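Working notes, beginning with the structure itself.
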2 protein chains.
Amino acid sequence: MSKAANTRTMILTKSFELIYKQGYQATSIDNILATTQVTKGAFFYHFKNKDEMGLAMINEIIFPGMYASLVTPLLNAKSPINDIHEMMRVVLLKVPFLRAKYGCPAVNLIEEMSPLNEDFKHALLKLTDQWQDAIKKSVNQGKISGEIRADVNAEYVACFVVAGYSGIRNMGKAMGSACYNIYLQELKNYLKQLG
Amino acid sequence: MSKAANTRTMILTKSFELIYKQGYQATSIDNILATTQVTKGAFFYHFKNKDEMGLAMINEIIFPGMYASLVTPLLNAKSPINDIHEMMRVVLLKVPFLRAKYGCPAVNLIEEMSPLNEDFKHALLKLTDQWQDAIKKSVNQGKISGEIRADVNAEYVACFVVAGYSGIRNMGKAMGSACYNIYLQELKNYLKQLG
DNA sequence: GCTTTTAAATACTAATTAGTATGTAATACA
DNA sequence: TGTATTACATACTAATTAGTATTTAAAAGC
């Protein structure tokens with residue numbers, strides 16, 4: 001990677017860390033410059049303004065990072081009940097750069113920024129859509145294999161699971177990671193009921 | 001109500017509306033003053049600073065408003081499966097001052113402010129705690145009446161329901177209220193499985 | 001090797017921010 | 001009726017904000 005590309009990536013990854021912990025609006029450009037040791041000239045050479053950096057961060061850091069944890073594990077799913085639950089367990093308890101007290105970076109940004117920035121909203125919706133789609137396909141696969149009842153609405157299940165994740169991430173911010181295990185238990189009960 | 005108490009209440013209710021729509025940090029004191037027609041002197045006479053106003057808004061506007069919709073309907077619950085579902089239906093589809101695109105004011109504030117302000121976090125946790133407690137009591141009541149299986153963990157159910165609400169409110173911000181009906185359908189499936 | 005383009009450093013600006021200092025009506029109370 | 005106290009109004013300040021203008025160094029292309 002060239003030196004220029006390096007500073008660009010560095011700005012994005014450090015900005016991600018700060019924004020993940022503090023929120024987008026609470027993270028000032030000066031704050032980013034102080035922690036990256038990058039000068040203002042360099043920052044505005046690589047990004048037209050703060051929002052353009054934020055959008056790049058969503059597309060280049062958050063999207064691929066979350067996609068790998070949320071969508072990829074479902075792509076060759078064999079048993080939706082186990083696979084969806086296991087995907088959720090890993091995301092909540094195992095992914096190292098996610099911390100209960102800071103929630104989920106994608107969920108946080110939807111909450112904070114979707115009323116304020118249409119571009120952010122659409123970029124984050126893309127992730128949600130693809131995750132829901134992967135869950136839906138997994139459930140439909142389960143209907144074919146017979147693990148899932150034929151009358152189950154795969155799209156509804158996907159919506160419910162995504163909403164549940166988003167919600168438990170929010171709860172975890174105020175109550176800590178203890179609620180994650182509770183959620184996983186009840187998610188299992190919900191999923192079992194689909195069979 | 002005295003004139004002074006009137007301006008105080010007016011500041012809180014208008015601040016609530018602005019903060020509900022824009023978020024806490026995106027709502028400046030000047031923004032509040034402009035929409036209330038209250039002067040800066042009046043504002044800082046009633047509140048030591050912005051955060052003290054925010055805390056008063058949580059305790060005096062958000063808490064009682066949400067309590068009436070979330071907790072009160074469950075206090076004399078007869079059938080948890082129906083009552084919890086109906087409570088959720090009313091909250092999502094009927095409460096007039098809540099709009100899908102703005103989410104839930106309590107959920108929004110937990111998301112935005114719980115990492116930044118301990119007082120906000122605790123004030124909002126109080127609401128969550130009491131809501132979970134009401135759900136738990138309702139489920140335990142159902143276990144006595146026989147509507148709910150004896151092996152169901154009421155606390156887990158409460159956690160799962162609260163997380164689901166929080167999550168679907170977040171989804172609704174980006175996707176609109178269509179997902180509310182889907183969520184309600186799947187919530188019903190989850191609740192039925194408890195019996 | 002010279003020139004052009006890329007990448008970045010420095011110094012500035014205009015707007016907005018929360019909050020203060022001070023002054024003045026209105027109200028309560030003695 | 002005089003006097004506190006309450007409830008505001010106005011004008012200011014210091015810090016922070018995103019963003020710009022200008023200069024300079026590094027690299028690439030010829």
Side-chain angles (χ1 to χ4, degrees), chain A residues 1-58 60 109 112-113 115-121 123, chain B residues 1-58 60 108-109 112-113 115-120 123:
Chain A
M1 184 153 55
S2 77
K3 197 171 164 252
N6 207 337
T7 50
R8 200 190 116 99
T9 303
M10 202 246 265
I11 292 171
L12 289 178
T13 52
K14 289 278 185 185
S15 295
F16 165 77
E17 284 169 34
L18 290 170
I19 290 168
Y20 176 39
K21 289 173 185 169
Q22 302 172 337
Y24 180 79
Q25 294 171 95
T27 303
S28 70
I29 293 176
D30 286 349
N31 188 349
I32 294 167
L33 302 182
T35 62
T36 53
Q37 304 277 48
V38 159
T39 62
K40 198 159 263 194
F43 183 95
F44 282 97
Y45 173 77
H46 287 288
F47 306 102
K48 199 170 86 228
N49 50 41
K50 188 188 176 187
D51 281 5
E52 197 186 271
M53 186 281 295
L55 196 58
M57 181 203 66
I58 293 172
E60 298 171 39
L109 272 176
E112 182 184 1
M113 298 304 294
L116 302 175
N117 187 310
E118 280 288 308
D119 292 334
F120 283 21
K121 184 172 109 176
Chain B
M1 184 154 54
S2 78
K3 197 172 163 251
N6 207 338
T7 49
R8 198 190 117 97
T9 303
M10 201 246 265
I11 291 170
L12 289 179
T13 52
K14 290 277 186 185
S15 296
F16 166 77
E17 284 169 34
L18 290 171
I19 290 168
Y20 177 37
K21 289 174 185 167
Q22 304 172 338
Y24 180 78
Q25 295 171 94
T27 303
S28 70
I29 294 176
D30 286 348
N31 187 351
I32 294 167
L33 302 182
T35 62
T36 53
Q37 304 278 47
V38 160
T39 62
K40 197 157 264 194
F43 183 95
F44 281 97
Y45 173 77
H46 286 288
F47 306 102
K48 199 169 85 229
N49 50 42
K50 189 189 176 187
D51 281 5
E52 196 187 272
M53 186 282 294
L55 196 59
M57 182 202 66
I58 292 172
E60 298 171 39
N108 293 352
L109 273 177
E112 182 185 1
M113 298 305 293
L116 302 176
N117 187 309
E118 280 288 307
D119 292 334
F120 283 21

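Since the structure is predicted, the reported quantities are computational estimates derived from the model, not experimental observations. Sequence lines set the chain letters: A, B, ... in the order given, protein chains first and strands last, and positions in each chain run from 1.
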**Prompt:** Which class fits the ring pair A:F43 and A:F47: parallel under 30°, tilted 30 to 60°, perpendicular over 60°?
**Reply:** tilted
**Prompt:** Can you name the nearest heavy-atom pair linking A:H46 to A:T7, along with the distance?
**Reply:** NE2-OG1, 3.2 Å
**Asked** What integer distance in Å separates A:M53:CE from D:dG19:P?
**Response** 10 Å
**Message:** Using OP1 and OP2 only, check whether a side-chain N or O of A:Y45 sits under 4.0 Å from C:dA7.
**Reply:** yes
**Message:** For a 4.5 angstrom cut-off between non-hydrogen side-chain atoms, does B:D51 reach B:Y24?
**Reply:** yes
**Request:** Would you mind reporting whether B:M113 and B:I19 have side-chain heavy atoms less than 4.5 Å apart?
**Result:** no
**Prompt:** Between B:I32 (CD1) and C:dT17 (P), how many Å, whole number?
**Reply:** 11 Å
**Out of C:dG19, D:dA9, C:dT10, whichever nucleotide has its closest atom nearest the side chain of A:K40** = C:dT10
**Prompt:** Among the nucleotides C:dT20, D:dA18, C:dA9, which one has an atom lying closest to any side-chain atom of A:T39?
**Reply:** C:dA9
**Asked** Which whole-number value in Å describes the distance from A:R8 CZ to C:dA7 P?
**Response** 11 Å
**Message:** Distance check needed: C:dA7 C1' versus A:M10 CE, whole Å only.
**Reply:** 14 Å
**Asked** Using a cut-off of 4.0 Å on non-hydrogen atoms, how would the nucleic acid contact of B:D30 be classed: base, sugar-phosphate, or nothing?
**Response** base
**Request:** Specify the separation, in whole Å, of atom NZ of A:K48 and atom C1' of C:dA7.
**Result:** 19 Å
**Pair of N/O donor and acceptor under 3.5 Å linking D:dG19 base with A:K50 side chain** = no
**Request:** Using a 4.0 Å heavy-atom cut-off across all strands, classify B:S28 as base, sugar-phosphate, or nothing.
**Result:** sugar-phosphate
**Fill in**
note: A:F47, atom CZ; C:dA8, atom P; distance rounded to Å ~ 11 Å
**Rounded distance (Å) that lies between atom C1' of D:dA18 and atom CG of A:N117** = 15 Å
**Item:** Phosphate-side-chain proximity, A:H46 and C:dA8, N/O vs OP1/OP2 below 4.0 Å
**Value:** yes
**Request:** Measure across A:A26 and B:Q25 and return the closest heavy-atom pair with its distance rounded to 0.1 Å.
**Result:** CB-OE1, 3.1 Å
**Complete:** Side-chain atoms of A:I29 come closest, of C:dG19, C:dA8, D:dG19, to D:dG19
**Request:** Verify the contact: side-chain N or O of A:T7 to OP1 or OP2 of C:dA7, cut-off strictly under 4.0 Å; return yes or no.
**Result:** no
**Message:** Can you measure A:N6 atom CG to C:dA7 atom P for me and round it to whole angstrom units?
**Reply:** 12 Å
